[in-house]
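Each chain gets a letter, A, B and so on, in the order its sequence line appears, and its residues count up from 1. Everything numeric here is computed off the predicted structure, so don't read it as measured data.
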Number of protein chains: 2
Amino acid sequence: MDTTVVSARRRIEIYRANVGNGGLDNCPIRTVVQNISGKWSALLLMALAERPYRFGELRRLVPDISQRMLTQTLRDLQRDGYVRREVFPTKPPSVEYSLTDLGRSMYDAIQHLFHWAENNHQQVRAARVEFDAAED
Amino acid sequence: MDTTVVSARRRIEIYRANVGNGGLDNCPIRTVVQNISGKWSALLLMALAERPYRFGELRRLVPDISQRMLTQTLRDLQRDGYVRREVFPTKPPSVEYSLTDLGRSMYDAIQHLFHWAENNHQQVRAARVEFDAAED
DNA sequence: CTGTATCCCCTATGATACTG
DNA sequence: CAGTATCATAGGGGATACAG
């Protein structure tokens, strides 16, 4: 817990040092968080953490994602180095997506949050209900 | 790492079981992730993980946040149960924000990702540069 | 000091149709 | 099968002014 506190202060100081010439743009945390907080990113990361998937497989696995967002989310994850895209010259061509080492490493880190969410989301929902009820 | 894989599959299965009647809305992970992925949420959580802050203090600590977003982000964090808001009847009134136990617990979980980001954001940036350069 | 109320813009997401 | 292109929409976020 002391580690938490000291770390938090240092992070803020680093952020403040960059305000004015970059600010959040240079923030390590936002660099990472911004591109994995999309609507479908976590879901696709979880799928690929299990095993490699082809494009169409992912589409069927996540039935309510639009083709556009599947393409775009995968591309963003690939751009950040989390996902590897391999094209196989079958006919018609097939494309396989898989986690890179960097992606797996990041997944191991974000997994703590996923796990927390599974254990505590009811408390969060309850807090929302209570907050909304308290509004006059 | 077997834990990772098995867990990921179960999470996807839980998600798929809800597609059609709720889907992402009932997803524990999105319930949590959606409201801490805002532009300023992580920064404010880190500040409050250090110590309680007054509204004006936070404003000076994070000079480039608009008053509107400071108010709104704090309110969202409070609504989810992460932040406690206390009004002191001074003149003029002052308001103090602090982490709740739930907030501190969540912070401990998300901290792993923050730590990863600090250690690996250069690799992510490098991956982006490489990806962009490969575009014709 | 700590907010609320407007107005405005930009980006993320979605629906649909088309292509190698 | 695995995408692109185009158009439309909603919400996040900022600037500014006002209020208790």
Side-chain angles (χ1 to χ4, degrees), chain A residues 19-20 23-25 27 30 33-44 47-48 52-80 83-98 131 134-136, chain B residues 19-20 23-25 27 30 33-44 47-48 52-80 83-98 131 134-136:
Chain A
V19 172
L24 281 178
D25 296 337
C27 174
R30 260 188 77 73
V33 170
Q34 185 179 357
N35 294 286
I36 55 181
S37 61
K39 184 167 177 180
W40 304 101
S41 310
L43 209 49
L44 293 178
L48 297 176
Y53 275 91
R54 299 229 325 267
F55 186 88
E57 286 183 310
L58 285 173
R59 237 188 134 177
R60 286 186 293 277
L61 189 69
V62 185
D64 50 354
I65 192 173
S66 68
Q67 194 174 24
R68 184 184 181 284
M69 288 316 295
L70 180 53
T71 301
Q72 182 175 311
T73 305
L74 286 171
R75 169 188 285 253
D76 290 343
L77 293 175
Q78 183 194 357
R79 179 169 182 262
D80 281 8
V83 163
R84 174 174 35 248
R85 177 180 183 272
E86 288 175 288
V87 182
F88 296 98
T90 56
K91 225 176 167 257
S94 59
V95 181
E96 186 180 276
Y97 293 91
S98 55
F131 182 90
E135 293 191 316
D136 308 330
Chain B
V19 171
L24 281 177
D25 296 336
C27 173
R30 261 189 75 75
V33 169
Q34 187 179 353
N35 294 287
I36 55 182
S37 60
K39 183 168 179 180
W40 304 101
S41 309
L43 209 49
L44 293 178
L48 297 176
Y53 276 91
R54 296 228 330 265
F55 187 86
E57 286 182 311
L58 285 172
R59 240 191 130 174
R60 287 186 292 275
L61 188 70
V62 186
D64 49 355
I65 193 175
S66 69
Q67 193 173 25
R68 183 184 180 283
M69 287 318 295
L70 180 53
T71 300
Q72 184 175 309
T73 305
L74 286 170
R75 170 189 283 255
D76 290 344
L77 293 174
Q78 183 195 357
R79 179 169 181 263
D80 281 8
V83 163
R84 173 174 34 246
R85 177 180 183 272
E86 290 177 287
V87 183
F88 296 98
T90 55
K91 224 177 160 18
S94 59
V95 180
E96 187 180 275
Y97 292 91
S98 54
F131 182 90
E135 294 192 316
D136 309 326

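For the atom pair I65(A) CD1 and L58(A) CG, the distance stands at 8.5 Å (nearest 0.5 Å). Here CG of L48(A) is found 7.0 Å from CG of L74(A). Values are rounded to the nearest 0.5 Å. Note that the CH2 atom of W40(B) and the CG atom of D64(B) stand 4.0 Å from one another [nearest 0.5 Å]. Atom-to-atom distance recorded for S41(A):OG and R30(B):CZ is 9.0 Å, nearest 0.5 angstrom.
Listed candidates were dT13(C), dT2(C), dA15(D). Nearest to the side chain of S66(B) is dA15(D). Distances from the side chain of P92(A) to the nucleotides dC1(D), dG14(D), dT2(C) place dC1(D) closest. In the set dC1(D), dG3(C), dT13(C), the nucleotide with an atom closest to the side chain of K39(A) is dT13(C). Residue M69(A) places its side chain closer to dG14(C) than to any other of dG14(C), dG3(C), dG14(D).
Sorted by first and then second residue, the salt bridge (charged side-chain N to carboxylate O under 4.0 Å, His left out) pairs involving residues 70-80 of chain A (not counting sequence neighbours) are R75(A)-E135(B), R79(A)-D132(B), D80(A)-R128(B).
The CG-P distance, from L61(A) to dC1(D), rounds to 15 Å in whole Å. What separates CG of L74(A) from P of dC1(D) is a distance of 16 Å, to the nearest Å. To the nearest angstrom, C1' of dC1(C) lies 17 Å from CD of E86(B). At whole-Å resolution of the value, CG in L58(B) and C1' in dT2(C) are 12 Å apart. Residue Q72(A) contributes atom CD, which lies 18 Å from atom P of dA2(D) at whole-angstrom precision. Going from atom CG of L70(A) over to atom P of dC1(D) covers 13 Å, rounded to whole Å. Regarding D76(B), its CG atom lies at a distance of 12 Å from the C1' atom of dG13(D), rounded to whole Å. When the P atom of dT2(C) is taken as reference, atom CD of Q78(B) falls 15 Å away, rounded to whole Å.
Residue-to-nucleotide proximity on DNA chain C shows that, of I65(A) and R54(B), the 5′-proximal contact is made by R54(B).
Under the side-chain contact (heavy atoms from CB on, under 4.5 Å) criterion, E57(B) pairs with R51(B), Y53(B), R54(B), R60(B), sequence neighbours left out. Listed by chain and number, the residues in a side-chain contact (heavy atoms from CB on, under 4.5 Å) with R85(B) are Q78(B), V87(B), V95(B), Y97(B) (sequence neighbours excluded). Partners of R68(A) under the salt bridge (charged side-chain N to carboxylate O under 4.0 Å, His left out) rule, at least two apart in sequence or in another chain, do not exist in this structure.
Using modelled atom types, no side-chain atom of R59(A) and backbone atom of Q67(A) make a donor-acceptor pair closer than 3.5 Å.
Within the 4.5 Å cutoff, the side chain of V83(B) has no heavy atoms near those of the T73(B) side chain.
As judged by a 4.0 angstrom heavy-atom cut-off over every strand, R59(A) is placed among residues making no nucleic acid contact. At a threshold of 4.0 angstrom between heavy atoms, the contacts of Y97(A) are confined to the sugar-phosphate backbone, with no base atom among them.
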Close N or O pairs between protein and nucleotides 4-9 of chain D (under 3.5 Å):
from, atom 1, to, atom 2, distance (Å)
dT4(D), OP1, R75(A), NH2, 3.0
dT6(D), O4, R68(A), NE, 3.4

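Taking five base pairs at each end of the helix from dC1(C)-dG20(D) to dG20(C)-dC1(D), the local helix axes there meet at an angle of 50°, rounded to 10°.
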